[in-house]
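Worksheet: one structure, shown below.
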Number of protein chains: 2
Amino acid sequence: MTVTLRDVARAADVSVATASRALAGSSLINQATQKHVVQVAAAIGYRTNTVARALKTRKSRLIGLTVHNLENASFRVLASVVQARMQALGYQVILSISNDDAEQEREIFKTLVDHSVDGLIAVPTGSNGAQLLAMEHADTPVICAVRRVTGASLESILAADMEGAYTGTQHLLGLGHRRIGLIVGPLDTTSGKERLAGYTRAMQEAGLTVDPALIHRGRYLPETGVTGGNALLSLATPPTAIFVANHESSVGVLRVVSERGLSIPSDLSLLFYEDSPWFEWQRPAISVVDSGAADMANLAVDRLMSRLGGVANSGREYRIGSRLVERASCRALPAS
Amino acid sequence: MTVTLRDVARAADVSVATASRALAGSSLINQATQKHVVQVAAAIGYRTNTVARALKTRKSRLIGLTVHNLENASFRVLASVVQARMQALGYQVILSISNDDAEQEREIFKTLVDHSVDGLIAVPTGSNGAQLLAMEHADTPVICAVRRVTGASLESILAADMEGAYTGTQHLLGLGHRRIGLIVGPLDTTSGKERLAGYTRAMQEAGLTVDPALIHRGRYLPETGVTGGNALLSLATPPTAIFVANHESSVGVLRVVSERGLSIPSDLSLLFYEDSPWFEWQRPAISVVDSGAADMANLAVDRLMSRLGGVANSGREYRIGSRLVERASCRALPAS
DNA sequence: CTGTTAGCGCTTTCAC
DNA sequence: GTGAAAGCGCTAACAG
């Protein structure tokens, strides 16, 4: 039925060992035999059985990729980029979705190990560091992306959230805004904490006292945008600009703005965090602090590949700088 | 290093065969030994080597999933649902992205076969039917989802596009609209053809002659929404409603509407095809013809599982009925 | 019910 | 440069 290396060997009149070497492109082999074997193999339609090879070499050419979901634009970009690049490098990726649930993630990691993935790129929930460390000890490189695990010495590729929020806030400040609202994620996540810190720092450096009423924190959900937007806009002195530093809530904020009949940017300036294709199709196009998902994905792949190539775990944290993308949703305030 | 079945056998003082049977939950085994082996296995931290098992049984417990991209909401839902359900069923999914490119798809299928996936759920480009058929002949079940391959007798799970477009158009007609614009995908895709057919049928049944100027067809891209929207809205007698039956162009249409300062639904009624989470967050919330991506995904999994269970290829085409989701973007026209 | 044994298809010493 | 042979870890006859 299936044509095996044996068949190739027989057809090319060499031993299986030679056939294997020829196909693997081993150096210690006669050029002529090499060519011949390769030709014969192609002729009879031979394809390496990766399972058998994996059993022997303990290399599956499979890597795991776990993300919280596929709705968040950053995770989606991560999935696309990792998939495309790893495939080009001869690896297949097993995608798993954790729903940001520690329990599910635990199961996923176990199964991935069972399938003997050669490596793992994970957006971790943060709760299964021990398991990840165990994988590292079992010589399976793990790269954390977007999120990290505190206390575990794993290579992590993160966004420079503090710096990004600082840059974004500064941009708004530079435009003359003084009352700047912030909608941010939970403060028990690194990104939530750091984005708030960046905002705070920029405000303080500008000599402004941070008004707690201008800060709304909530879950990574569209609803947060609605409650946050309404809360901020209902203030006695509402903000002249809102920095939406919680990607998922963007759509909720847009809804509130539209319901209140506010026009952007004349009534309110809006700055989002993490770019999404449709932000630029929006009218006015939304300015964003792009956290660089594609670059994070690329670096994650680069790091994984070098780990796969034998480089030791640096335990290092890499930060991808944020980038301000000015579009049309922020206006300069006339000097008053 | 790694603990094998041998170790379990030794530790439990039975043969490898018995250990294997105990772990596999074979029927022909003593309850007591069974329990004992399982306990010992857990105690020494045994985990089945799926690669070795796959080599022996020719079942990898891996399935392939190919989609054009992760941006289209339907593909995303397909990926999420298939991943979650297959995982729960003890399978892992290898995700590949074809970019709707026949060449890339060809490579993907080859690699998937190399990794001996047990089955495949594919959103096919349509150009590699022979390869898919070859997989079927090699006893690897293939289920096509969302798109199909003409001329190949493969099980396909499709949306009832003709019916959906018919329903959507009828809805608009029922609201009193007579000049209904249609923005649709390429006519060399099944969905493009069928959606146009559904629209045409509804119009004709209402006794209306179809004005070709009201039909804009274009690629599955946001740009199409811009050119299409502008073309339709620039007509001497512009439509009172636009049926955007090309998911990707939705965002482009919204942009045109906003640029022209049109208000929905008073100036123009809008009906989209294929639901997306953010459509309901939009203000006004967008009415849609939901093509049922989640249901397609579920059925695809069901079909794959029964094929995996030994059921023969029915070669059948399954259609998931569309559903009209009325929100707030279509208004009834006053009888004139 | 349990043990012995023969591979699945491949890579890789180790001899020649 | 090439071949023979030994498994990787597991399952599935086949005996007992």
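So you know, we letter chains A, B, ... as the sequences are listed, proteins then strands, and number each from 1. Computed from a predicted model, the values in this text were never measured in an experiment.
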**Fill in**
Sorted by position of nearest nucleotide on DNA chain D, 5' first, the leading residue of A:Val16 and A:Leu55 is A:Val16
**Request:** Evaluate whether atom CG of A:Asp302 has more than 12 neighbouring non-hydrogen atoms of other residues, nucleotides or ligands under 6.0 angstrom away.
**Result:** yes
**Asked** Is B:Asp118 paired with B:Lys59 through a side-chain N to carboxylate O contact shorter than 4.0 Å?
**Response** no
**Item:** Separation of C:dG9 C1' from A:Asp7 CG (nearest whole Å)
**Value:** 10 Å
**Request:** Using whole Å, report how far NZ of B:Lys59 lies from P of D:dC10.
**Result:** 19 Å
**Request:** Please report, rounded to the nearest Å, how far the C1' atom of D:dC8 is from the CG atom of A:Leu5.
**Result:** 16 Å
**Asked** Distance under 6.0 Å and angle within 45° of the ring axis: does A:Arg147 meet both against A:Tyr220?
**Response** yes
**Message:** Assess whether a salt bridge exists between A:Glu136 and A:Arg307, defined as any Lys/Arg side-chain N lying under 4.0 Å from an Asp/Glu carboxylate O.
**Reply:** yes
**Prompt:** Whole-Å distance between C:dT12 P and A:Ile29 CD1?
**Reply:** 14 Å
**Message:** By the 4.0 Å heavy-atom rule, please label A:Arg58 as base, sugar-phosphate, or nothing.
**Reply:** sugar-phosphate
**Prompt:** Does the pair A:Glu155/A:Arg303 count as a salt bridge with the N-to-O cut at 4.0 Å?
**Reply:** yes
**Fill in**
Taking D:dC10, C:dT12, C:dT2 as options, the one with an atom nearest any side-chain atom of A:Thr57 is C:dT12
**Request:** Compare the minimum distances between each of D:dA12, C:dC10, D:dG3 and the side chain of B:Lys56, then state the nucleotide with the smallest one.
**Result:** D:dA12
**Request:** Please tell me which of the listed nucleotides, C:dG9, D:dT2, C:dT2, lies nearest to the side chain of A:Thr18?
**Result:** D:dT2
**Asked** How many Å lie between CZ on A:Arg21 and P on C:dC14, as a whole number?
**Response** 14 Å
**Message:** Please confirm whether the shortest side-chain N or O distance from B:Ser20 to OP1 or OP2 of D:dT11 is below 4.0 Å.
**Reply:** yes
**Prompt:** Taking atom types as modelled, is there a side-chain donor on B:Ser74 or B:Glu274 under 3.5 Å from an acceptor on the other?
**Reply:** yes
**Message:** Without decimals, in angstroms, what is the distance between A:Arg61 CZ and C:dT11 P?
**Reply:** 12 Å
**Complete:** Taking D:dT2, C:dC1, C:dC10 as options, the one with an atom nearest any side-chain atom of B:Asn30 is C:dC1
**Message:** Looking at A:Thr33, I'd like to know whether one of its side-chain N or O atoms comes within less than 4.0 Å of OP1 or OP2 on D:dG1.
**Reply:** no
**Prompt:** Is any side-chain nitrogen or oxygen of A:Ser15 closer than 4.0 Å to OP1 or OP2 of D:dT2?
**Reply:** no
**Message:** Distance criterion of 3.5 Å, no angle test: do you see the side chain of A:Arg47 paired donor-to-acceptor with the base of C:dG9?
**Reply:** no
**Item:** Spacing between A:Gln31 atom CD and D:dT2 atom C1', to the nearest angstrom
**Value:** 15 Å
**Request:** Name the residue closer to the 5' end of DNA chain C, choosing between B:Ala52 and B:Ala19 according to the nucleotide with the nearest heavy atom.
**Result:** B:Ala19
**Message:** Side-chain N or O of B:Thr2 versus OP1/OP2 of D:dG9: is the shortest distance under 4.0 Å?
**Reply:** yes
**Message:** What is the separation between atom CZ on A:Arg6 and atom P on D:dA4, rounded to the nearest whole Å?
**Reply:** 11 Å
**Message:** Under 4.0 Å, heavy atoms only, any strand: does B:Val14 hit a base, just the sugar-phosphate, or nothing?
**Reply:** sugar-phosphate
